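Some notes on the structure that comes next.
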Protein chains: 2
Amino acid sequence: MDNLEHELNTHCLSNWPAPPHSLIATDPLYRQFRSVQAAFRRRAQSAMTDCGCPQLLHGSANVLLQLEEQDRLTLTELARRCEIDNSSLTALVDDLQRAGLAVRERDPSDRRQVHLLLTDQGRTVAPLVRRVWQQVQQIAFQNVSIEDIEQMRLVLQSIETNLNAR
Amino acid sequence: MDNLEHELNTHCLSNWPAPPHSLIATDPLYRQFRSVQAAFRRRAQSAMTDCGCPQLLHGSANVLLQLEEQDRLTLTELARRCEIDNSSLTALVDDLQRAGLAVRERDPSDRRQVHLLLTDQGRTVAPLVRRVWQQVQQIAFQNVSIEDIEQMRLVLQSIETNLNAR
DNA sequence: TATTGTTATACTCTATAACTATA
DNA sequence: TATAGTTATAGAGTATAACAATA
């Protein structure tokens with residue numbers, strides 16, 4: 001165990017001063033993120049059900065919104081924008097296709113590529129889903145000022161960059 | 001589809017003014033949370049490995065830290081503090097016990113209850129794990145001011161409360 | 001009957017590796 | 001050989017429901 005202690009001090013901690021107590025005593029930040037993220041997904045999913053929007057996986061709804069911003073993307077590009085692996089996207093696209101909101105279309109000039117297209121129904125539903133998500137954000141942001149939210153987004157972006165660096 | 005539109009307007013949106021464009025055009029907030037949370041877990045897990053800490057599930061490490069704050073909790077109380085279901089806790093406790101960091105002990109006066117106790121090894125390892133998590137937070141917070149972080153925590157707390165209300 | 005904890009099961013999100021079909 | 005997409009598989013995190021033991 002002494003080795004472990006030594007290892008930790010040598011390789012891990014030497015460059016990091018002790019953080020202020022207030023930041024660490026309670027509530028690891030990751031817990032707050034987990035809780036907020038889970039609550040967000042729960043609310044969005046039940047709001048979609050309440051509004052009669054098609055029952056979609058949370059991930060599929062996200063793909064739908066990406067597609068609404070730009071239609072006809074290839075699957076690889078869609079996966080990149082959703083920040084998930086190609087293989088993770090397949091099931092979500094299947095979900096959208098099953099719900100009749102999008103269709104795959106193979107690219108004739110490069111038959112390896114598949115584009116995803118909104119159907120008419122998809123074009124109708126996407127804005128509704130977007131509004132439901134906005135509504136959940138509205139609920140989340142009750143009694144929080146715009147400035148605080150924008151500031152938080154900036155901080156989140158910094159944290160994201162820091163954690164993904166190297 | 002008209003029904004859907006009508007339903008949405010009637011039951012879901014009437015109370016919510018349109019949010020400012022900057023909040024919604026890009027990047028749903030949930031994506032940022034997902035990304036930060038995943039990055040946090042990834043970094044913490046690889047930092048634990050680098051430092052020779054026992055290989056624990058992220059969730060088990062969390063239980064360990066709760067237990068360090070108060071030893072000998074019942075499993076139900078631990079689950080409550082970790083904000084997970086009783087049934088979800090079982091595997092995490094198994095994980096800790098397998099690693100030799102904690103042991104279950106049945107309460108003699110109410111034999112339904114099981115308390116979880118840190119072992120000597122658990123008492124040694126817990127502060128190291130805590131420091132690894134702190135280190136990850138330090139990485140996350142590079143070039144972010146204390147004030148911004150504290151402010152973000154407050155906003156997160158409001159959001160959490162708002163989303164879980166009702 | 002109610003409570004504590006476990007088991008069985010399932011769902012979501014995600015990834016890696018192996019595969020098919022193109023290029 | 002390299003790329004686009006799919007399939008098979010697995011692992012982590014979570015929940016619900018049924019259950020056993022105990023109160």
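Note on naming: letters A, B, ... go to the chains in the order of the sequence lines (proteins, then strands), and numbering restarts at 1 for each one. The basis for the numbers below is simple: all heavy atoms, side chains too, and nothing from hydrogens, waters or symmetry mates. No experiment lies behind these values; they were computed from the predicted model shown.
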(request) Give the intermediate values and the outcome of side chain to side chain contact (heavy atoms under 4.5 Å, CB included) for residues B:Met152 and B:Val155. (result) CA-CA 5 Å; B:Met152 179 182 65; B:Val155 172; 5.5 Å; no
(message) Does a side-chain N or O of B:Arg104 approach OP1 or OP2 of C:dT6 to a distance below 4.0 Å, or not?
(response) yes
(request) Using atom CG of B:Leu73 as one end and atom C1' of C:dT4 as the other, report the distance to the nearest whole Å. (result) 15 Å
(message) Expressed as a whole number of angstroms, how long is the span from A:Arg106:CZ to C:dT20:C1'?
(response) 10 Å
(request) Find the distance B:Arg34:CZ to C:dT12:P and express it as a whole number of Å. (result) 16 Å
(request) Rounded off to whole Å, could you give me the CG-to-P distance for the A:Leu78 and D:dT6 pair? (result) 11 Å
(request) Establish whether the base of C:dT16 is bridged to the side chain of A:Ser87 by a donor-acceptor pair shorter than 3.5 Å. (result) yes
(request) Please determine, for the side chain of B:Leu57, which listed nucleotide (D:dG13, C:dC13, C:dT14) has the closest atom? (result) D:dG13
(message) From CG of B:Asn86 over to P of D:dA20, roughly how many Å is that when rounded to an integer?
(response) 18 Å
(request) Hey, which sits more toward the 5' end of DNA chain C by its nearest nucleotide, B:Thr74 or A:Asp110? (result) B:Thr74
(request) Taking only the side-chain heavy atoms of B:Leu75 (C-beta and beyond), determine which of C:dT6, D:dG5, C:dT14 contains the nearest atom. (result) C:dT6
(request) Show your reasoning for whether salt bridge (Lys or Arg N to Asp or Glu O under 4.0 Å) applies to A:Arg153 and A:Asp148. (result) CA-CA 9 Å; A:Arg153 298 191 85 118; A:Asp148 282 349; over 6 Å; no
(message) Could you tell me how far apart B:Arg42 (CZ) and D:dA12 (P) are, to the nearest whole angstrom?
(response) 15 Å
(message) Can you say whether a donor on the side chain of A:Thr90 sits under 3.5 Å from an acceptor on the base of D:dT7, or the other way round?
(response) no
(request) For A:Asp85, report the nucleic acid contact type (base, sugar-phosphate, nothing); a contact means any heavy atom under 4.0 Å. (result) base
(request) Could you state the atom-to-atom distance from CZ of A:Phe40 to C1' of D:dT14 in whole Å? (result) 19 Å
(request) Hey, can you tell me if B:His58 and A:Tyr30 have their rings parallel, tilted or perpendicular (30° and 60° cut-offs)? (result) perpendicular
(request) For salt bridge (Lys or Arg N to Asp or Glu O under 4.0 Å), just list the numbers for A:Asp85 and A:Arg80, CA-CA rounded to whole Å, side-chain angles, deciding distance to a tenth of an Å, and then say yes or no. (result) CA-CA 7 Å; A:Asp85 193 86; A:Arg80 197 191 62 72; over 6 Å; no
(request) Quickly work out the B:Gln113 CD to C:dA2 C1' distance and round it to whole Å. (result) 13 Å
(message) Please determine whether any donor N or O and acceptor N or O are separated by less than 3.5 Å between the side chain of B:Ser88 and the base of D:dA15.
(response) yes
(request) May I have the step-by-step check of side chain to side chain contact (heavy atoms under 4.5 Å, CB included) for A:Asn164 and B:Ser35, ending in yes or no? (result) CA-CA 9 Å; A:Asn164 290 319; B:Ser35 170; 4.2 Å; yes
(request) Could you say whether A:Leu89 or B:Ala91 is positioned toward the 5' end of DNA chain D, judged by the nucleotide with the nearest heavy atom to each? (result) A:Leu89
(message) Whether A:Arg112 contacts C:dT20 is assessed here as follows: a side-chain N or O lying under 4.0 Å from the phosphate OP1 or OP2. Is that the case?
(response) no
